[in-house]
Student: 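Dropping the structure in here first, questions after.
Along the sequence shown, the residues carry numbers beginning at 1.
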Amino acid sequence: MSGKPRLTYFNGRGRMEPVRWLLAAAGVEFEEVFLQTKEQYDKLIKDGLLLFHQVPLVEIDGMKMVQTRAILSYIAGKYNLYGKDLKERALIDMYVEGISDLMQMILMFPFSPPDAKEKNLDSIKEKATNRYFPVFEKVLKQHGQDFLVGNKFSWADVQLIEAILAVEEKIPAVLSGFPQLQAFKTKMSNMPTIKKFLQPGSPRKPPPDDHYIETVLKVFKR
């Protein structure tokens with residue numbers, strides 16, 4: 001093994017994308033193994049690599065980690081993106097959990113039945129503009145600093161820029177009423193490690209397409 005973290009998941013965003021974002025933001029190169037068949041998935045379970053029979057799976061520092069939240073907090077801690085003390089860590093956790101609730105809606109959207117897509121898109125827009133984005137607009141405005149916690153780049157900032165870009169793909173004008181978030185998006189997008197991740201050819205995955213959805217459903221077929 002090369003020493004690089006090794007990520008096992010589908011060749012698409014899903015629950016692995018925040019892990020890719022966080023590693024990329026920390027300037028860490030990683031390898032990927034893509035699940036394409038049910039046999040691959042069943043073998044991972046049989047070999048005892050998936051504790052709860054779930055992916056993502058990240059092999060890092062001699063550990064075989066599952067559960068997205070555990071993986072992300074380990075990476076954030078390892079690369080000094082998790083605040084300077086318990087209070088900052090608690091704030092980062094709060095913000096990350098809130099963003100994750102919004103991202104869960106985006107994650108499930110491609111799997112919506114066709115007749116529910118419009119309703120679900122309206123729901124994403126409503127929640128983003130009325131519940132989630134106003135929180136971060138207010139935080140940035142009140143403390144007048146560049147980052148969400150402790151005026152230092154953290155996991156929470158990475159999750160937020162990922163969420164902003166994911167919502168904008170579906171609702172391009174979603175930030176029109178949020179000047180602080182517009183400035184935050186510009187600044188974050190120009191940070192060298194994130195700028196690199198946003199370039200074509202990076203490990204960042206495109207929005208889910210029909211092939212990705214078919215692969216996920218095929219692999220998880222009972």
Student: Say you draw a straight line from CD1 of I99 to OH of Y132; how long is it, rounded to the nearest 0.5 Å?
Tutor: 10.5 Å
Student: Is any side-chain N of the basic residue among D42 and K46 closer than 4.0 Å to the acidic one's carboxylate O?
Tutor: no
Student: Would the number of heavy atoms belonging to other residues, nucleotides or ligands and lying under 6.0 Å from CG of D210 be above 12?
Tutor: no
Student: Cation-pi check, K117 to F109: give yes when NZ or CZ is under 6.0 Å from the six-membered ring centre and within 45° of the ring axis, no otherwise.
Tutor: yes
Student: Over all heavy atoms of both residues, which pair between P56 and M16 is shortest? Give the atoms and the distance, please.
Tutor: CB-CE, 3.4 Å
Student: How far does CE of M105 sit from OG of S100, to the nearest 0.5 angstrom?
Tutor: 13.5 Å
Student: Between R6 and E32, is there a side-chain N and carboxylate O pair less than 4.0 Å apart?
Tutor: no
Student: Pair R204, E162 - check salt bridge (charged side-chain N to carboxylate O under 4.0 Å, His left out), show working.
Tutor: CA-CA 10 Å; R204 186 184 181 215; E162 181 193 359; over 6 Å; no
Student: Can a salt bridge be assigned to the pair K4 and E59 using a cut-off of 4.0 Å between side-chain N and carboxylate O?
Tutor: no
Student: Measure the spacing between CD1 of I164 and CZ of F178 and express it to the nearest 0.5 Å.
Tutor: 10.0 Å
Student: What I want to find out is whether D61 reaches K78 closely enough, with some N-O distance under 4.0 Å, to be called a salt bridge.
Tutor: yes
Student: Is the number of heavy atoms from other residues, nucleotides or ligands within 6.0 Å of CD (E126) greater than 12?
Tutor: yes
Student: Could you tell me the separation between the CE atom of M191 and the CG atom of D146, rounded to the nearest 0.5 Å?
Tutor: 10.0 Å
Student: Between D157 (side chain) and S154 (backbone), is there a donor-acceptor pair under 3.5 Å?
Tutor: yes
Student: Can a cation-pi geometry be assigned to K187 and F147, taking NZ or CZ under 6.0 Å from the six-membered ring centre and within 45° of the ring axis?
Tutor: yes
Student: Testing L50, V58, T8, V55 one by one against V66 for a side chain to side chain contact (heavy atoms under 4.5 Å, CB included), which residue passes?
Tutor: L50
Student: Are I45 and L49 connected in a single hydrophobic cluster, I mean Ile/Leu/Val/Met/Phe/Trp/Tyr linked by side-chain heavy atoms less than 4.5 Å apart?
Tutor: yes
Student: Measure the spacing between CH2 of W155 and CZ of R89 and express it to the nearest 0.5 Å.
Tutor: 9.5 Å
Student: Can you give me the closest heavy-atom contact between V96 and A156, atom names plus distance?
Tutor: CG2-CA, 4.0 Å
Student: Do Q67 and R15 have side-chain atoms, one donor and one acceptor, less than 3.5 Å apart?
Tutor: no
Student: Salt bridge between K185 and E168, side-chain N to carboxylate O under 4.0 Å?
Tutor: yes
Student: Supply the atom-to-atom distance M188 CE to F153 CZ, rounded to the nearest 0.5 angstrom.
Tutor: 4.5 Å
Student: Check this for me, if you would: do K64 and D47 make a salt bridge, where the nitrogen-to-carboxylate-oxygen distance has to be below 4.0 angstrom?
Tutor: no
Student: Indicate, with yes or no, if the rings of Y41 and F10 have centres closer together than 6.0 Å.
Tutor: no
Student: Check each of L22, L72, I92 against Q159 using the side chain to side chain contact (heavy atoms under 4.5 Å, CB included) test, and report the only one that passes.
Tutor: L72
Student: Would you indicate whether K205, at its atom NZ, is surrounded by more than 12 heavy atoms from other residues, nucleotides or ligands within a distance under 6.0 Å?
Tutor: yes
Student: Let me check something: do I124 and I213 share a hydrophobic cluster, defined by ILVMFWY side-chain heavy atoms less than 4.5 Å apart, either directly or through other members?
Tutor: yes
Student: Who are the side-chain contact (heavy atoms from CB on, under 4.5 Å) partners of L91, not counting sequence neighbours?
Tutor: M94, Y95, V149
